[in-house]
Asker: 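The structure that follows is given in the form of structure tokens.
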Amino acid sequence: MNILVACEESQRVGTAFRAKGHNAYSCDIEFCSGGHPEWHIWADVAPLLNGNCTFRTCDSQEHTIEKWDMIIGFPPCTYLSKAGSVNLYRGGKINEERLKLGQLAADFFKKILNADCPRICIENPVPMKIFDLPQWSQYIEPFYFGVPVSKRTYLWLKGLPFLCPTKVIEPQYTFETFPQFKNSTGKYRQKNRSKTFEEVAAAMALSWG
């Protein structure tokens, strides 16, 4: 399958599908950290979502895709997440600038979900109701896949079955206390904390690849 992994610089999902023999490309406005520039599109993903596109990967090779068979998206959640509602409502009033940024983020989310592609998954935390996103399909936890962490995220699915748990265990940590993240600070904090767990990426490739 031709697979577009939108808003992914870590390449963990793309690499998991490549291991299954699929033609997967990661795309992000940041350079990839996954070690495979030959699979990474360093650009805005929006013009690529409906297929019928030509692009260059970071090794300068040109590729043409007539139609994507699957899109897996991780759009930014900073302005959409319910956890950020404290920044949207301050002093009993709405922060208009943040509201505008949230609406732009919601439009981008819907652009991925409504792309001309038969199989689509979007992963995000629970969003604020004010942005009127469609109802999510499924929620998952890292501890469904052998990672001892509790951090609920949601999947919006089109043309795909539920993501199957692969190794359900008891969580030992919350996301905030997990050793991998609790000391993550500075300019790379958000990037490090947004990376998909490799075990979850492997489950996506197993269930859908």
Side-chain angles (χ1 to χ4, degrees), residues 4-14 25-34 40-50 53 55 58 68 71-117 120-142 149-158 174-178 180-197 200:
L4 176 63
V5 188
C7 311
E8 186 194 48
E9 60 78 28
S10 72
Q11 298 192 292
R12 289 181 176 178
V13 173
Y25 295 95
S26 57
C27 182
D28 199 88
I29 57 174
E30 296 193 18
F31 190 73
C32 59
S33 64
H40 188 67
I41 309 161
W42 190 6
D44 177 11
V45 75
L48 308 179
L49 290 171
N50 293 315
C53 56
F55 54 85
C58 290
W68 297 109
I71 296 173
I72 301 174
F74 302 90
C77 64
T78 302
Y79 301 107
L80 297 176
S81 170
K82 192 174 182 180
S85 60
V86 66
N87 296 311
L88 181 62
Y89 301 96
R90 286 191 177 275
K93 298 191 336 185
I94 288 183
N95 180 325
E96 293 294 337
E97 180 62 26
R98 197 170 182 93
L99 177 64
K100 185 184 298 183
L101 291 170
Q103 289 169 335
L104 290 172
D107 290 344
F108 181 55
F109 182 108
K110 293 173 184 176
K111 187 174 289 188
I112 298 174
L113 191 63
N114 295 322
D116 182 15
C117 179
I120 297 174
C121 167
I122 296 181
E123 187 268 356
N124 247 215
V126 62
M128 286 182 272
K129 290 184 178 179
I130 193 172
F131 296 117
D132 195 31
L133 293 182
Q135 176 66 24
W136 46 269
S137 308
Q138 177 189 11
Y139 72 80
I140 60 172
E141 292 272 9
V149 178
S150 177
K151 179 185 181 275
R152 181 176 291 195
T153 56
Y154 294 80
L155 304 180
W156 284 255
L157 302 172
K158 289 178 65 175
T174 65
F175 189 68
E176 296 298 329
T177 61
F178 190 42
Q180 183 177 342
F181 300 115
K182 71 177 183 179
N183 296 320
S184 180
T185 59
K187 63 183 289 190
Y188 297 111
R189 179 176 183 271
Q190 185 174 351
K191 181 188 290 188
N192 291 338
R193 291 159 65 93
S194 69
K195 294 180 189 294
T196 304
F197 287 106
V200 177

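The model shown is predicted, which means the values in this text are computed figures rather than measured ones. Below, all heavy atoms of this structure are taken into account, side chains as well, without hydrogens, waters or symmetry copies.
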Asker: Got a second to check how far Phe131's CZ is from Leu99's CG, nearest 0.5 Å?
Answerer: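 These two atoms lie 5.5 Å from each other.
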
Asker: Do Trp42 and Asp28 touch side chain to side chain, with heavy atoms closer than 4.5 Å?
Answerer: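 No, their side chains stay 4.5 Å or more apart.
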
Asker: Taking NZ in Lys158 as the centre, count heavy atoms belonging to other residues, nucleotides or ligands within less than 6.0 Å. Is the count above 12?
Answerer: yes

Asker: CD/Glu97 to NZ/Lys100 distance, rounded to the nearest 0.5 angstrom?
Answerer: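 If we round to the nearest 0.5 Å, Glu97:CD and Lys100:NZ are 5.5 Å apart.
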
Asker: Tell me if the CD1 atom of Ile29 is crowded by more than 12 foreign heavy atoms within 6.0 Å.
Answerer: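 No, because the 6.0 Å sphere around CD1 of Ile29 holds 12 heavy atoms or fewer from other groups.
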
Asker: Do Cys53 and Pro47 come close enough that some side-chain heavy atom pair is under 4.5 Å?
Answerer: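 A side-chain contact under 4.5 Å is absent here.
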
Asker: If you measure from SG on Cys32 to OH on Tyr25, what distance do you get to the nearest 0.5 Å?
Answerer: 13.5 Å

Asker: Could you tell me how the ring of Trp68 sits relative to the ring of Phe55: parallel (under 30°), tilted (30 to 60°) or perpendicular (over 60°)?
Answerer: parallel

Asker: Hey, are Glu9 and Lys195 close enough for a salt bridge, meaning a charged N less than 4.0 Å from a carboxylate O?
Answerer: yes

Asker: Find the distance between CE (Met128) and CG (Leu133) and round it off to the nearest 0.5 Å.
Answerer: 10.0 Å

Asker: Looking at residues at least two apart in the chain, or sitting in another chain, which of them share a side chain to side chain contact (heavy atoms under 4.5 Å, CB included) with Trp156?
Answerer: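 Expected list: Phe109, Leu113, Ile122, Asn124, Pro127, Pro134, Trp136, Tyr154.
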
Asker: Check for a donor-acceptor pair, side chain of His40 on one end and backbone N or O of Ser10 on the other, with a separation under 3.5 Å.
Answerer: no

Asker: Is any side-chain heavy atom of Ile140 closer than 4.5 Å to one of Gln138?
Answerer: yes

Asker: Do the side chain of Glu123 and the main chain of Gly73 share a donor and acceptor less than 3.5 angstrom apart?
Answerer: no

Asker: Are Phe178 and Pro142 side-chain neighbours, meaning at least one heavy-atom pair lies under 4.5 Å?
Answerer: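 A side-chain contact is absent here, since even the closest heavy-atom pair is not under 4.5 Å.
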
Asker: In a check of side chain to side chain contact (heavy atoms under 4.5 Å, CB included) between Val45 and each of Pro75, Ser26, Cys27, which one passes?
Answerer: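 Among Pro75, Ser26, Cys27, the one that satisfies the side chain to side chain contact (heavy atoms under 4.5 Å, CB included) with Val45 is Cys27.
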
Asker: Looking at side-chain heavy atoms only, is the closest gap between Arg98 and Thr78 below 4.5 Å?
Answerer: yes

Asker: Examine distances only and state if a side-chain atom of Arg12 and a backbone atom of Thr196 form a donor-acceptor pair shorter than 3.5 Å.
Answerer: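 Yes.
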
Asker: Would you say the side chain of Thr174 lies within less than 4.5 Å of the side chain of Val149, judging by non-hydrogen atoms?
Answerer: no

Asker: Sequence neighbours left out, what passes salt bridge (Lys or Arg N to Asp or Glu O under 4.0 Å) with Asp44? Give chain and number order.
Answerer: none

Asker: When rounded to the nearest 0.5 angstrom, what distance separates CD1 in Ile72 from CD1 in Ile112?
Answerer: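 Reported value, rounded in 0.5 Å steps: 12.0 Å.
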
Asker: Listed by chain and number, what are the side chain to side chain contact (heavy atoms under 4.5 Å, CB included) partners of Ala115, not counting sequence neighbours?
Answerer: Leu49, Asn50, Ile71, Ile120

Asker: How many angstroms lie between CG in Leu155 and OG in Ser137, if you round to the nearest 0.5 Å?
Answerer: 7.5 Å

